[in-house]
Amino acid sequence: MTIGVLAVQGDVREHVSVLDRLGTETRRVLRPEHLEGLSGIVFPGGESTAMWRLIDHGGLAGSLSEALRGGLPALGTCAGMILLAREITNWHERYLEIMDIAVERNASGRQVDSFERVISCDGLGTLPAVFIRAPYVRRLGAGVKVLGSMGDLPVLVREGNWLAASFHPELTGDTRVHGYFLDMCRKER
Ligand code: GLN
């Protein structure tokens, strides 16, 4: 099983390293042909506006969208969640519009307001979660399940084969969110 990591910008190395530790083969995705034969794809944290420019100019947007709509499992973290969301409440652009959620960009505050919390997730127990200019989920579609929350706020959500986190599981050394995603990918195969 090979998992792609969108490699235009952001926490690419960090995601590859978690997947390595879980014994999974990875491929950096920069061009449409890199999507061939993948069992899943990760959209890293970083800067969604910059990532989108590069995805769009690189001619990757159409093939990504097609692969995801065709059922390719995806994990989006932070900026990756924004790329997957159907709606961004405080931004004029729309990106892949895959998951039926509305998110508010930079809702957790500025870079200097970054924080870490322990959150509890269905089936995963409690885990450390790092928030850096994080998107907060403001609307959940009917088919979207909340797997983890911080108080009343959903921070780990799943819709079918797509999983999105407001936080950065790639930054804490805890592999459980990636492990859960790999299980999803295995089931889909
Ligand atoms: N604020 C960033 C964005 O809008 C996301 C931040 C992150 O991924 N840590 O893309």
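First listed ligand is number 1; within each ligand, the first listed atom is number 1. Computed from a predicted structure; not experimentally measured. All heavy atoms count here, side chains included; hydrogens, waters and symmetry mates do not.
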Checklist entry - Going by the atom numbers of ligand 1, which of them fall below 4.0 Å from some non-hydrogen atom of Gly45? => result 8 (O)
Checklist entry - Any idea which atoms of ligand 1 are less than 4.0 Å away from a heavy-atom of His168? => result 7 (C), 8 (O), 9 (N)
Checklist entry - Is there a path of hydrophobic side-chain contacts, each under 4.5 Å between heavy atoms of I, L, V, M, F, W or Y residues, that connects Leu22 with Leu124? => result yes
Checklist entry - Can you get from Val12 to Trp52 by hopping between Ile, Leu, Val, Met, Phe, Trp and Tyr side chains that sit under 4.5 Å apart? => result no
Checklist entry - Closer than 4.0 angstrom: is that true for some heavy atom of Met51 and an atom of ligand 1? => result no
For [atom], what is the nearest protein heavy atom, given as residue, atom name and distance?
atom                    : value
atom 1 (N) of ligand 1  : Asn106 OD1, 2.5 Å
atom 10 (O) of ligand 1 : Ser48 N, 2.6 Å
atom 7 (C) of ligand 1  : Cys78 SG, 2.8 Å
atom 5 (C) of ligand 1  : Gly46 O, 3.4 Å

Item to check | Backbone N/O of Arg94 and side chain of Arg86: donor-acceptor pair under 3.5 Å | outcome: no
Next on the checklist: I'd like to know if the side chain of Thr77 reaches the main chain of Gly45, judged simply by a donor and an acceptor atom lying under 3.5 Å from each other, with no hydrogens or angles considered.
Outcome noted: yes
Checklist entry - Just checking, is any N or O donor in the side chain of Arg69 or Ser65 under 3.5 Å from an acceptor N or O on the other one? => result yes
Checklist entry - Does atom CD of Glu66 have more than 12 heavy-atom neighbours from other groups under 6.0 Å away? => result no
Checklist outcome for this item: Within the 4.0 Å heavy-atom cut-off, what Arg133 brings close to ligand 1 is both
Item to check | ligand 1 versus Ile82: contacting region, heavy-atom distance under 4.0 Å | outcome: side chain
Checklist entry - Which heavy atom of Leu96 sits nearest a heavy atom of Ala61, and at what distance? => result CD2-O, 4.0 Å
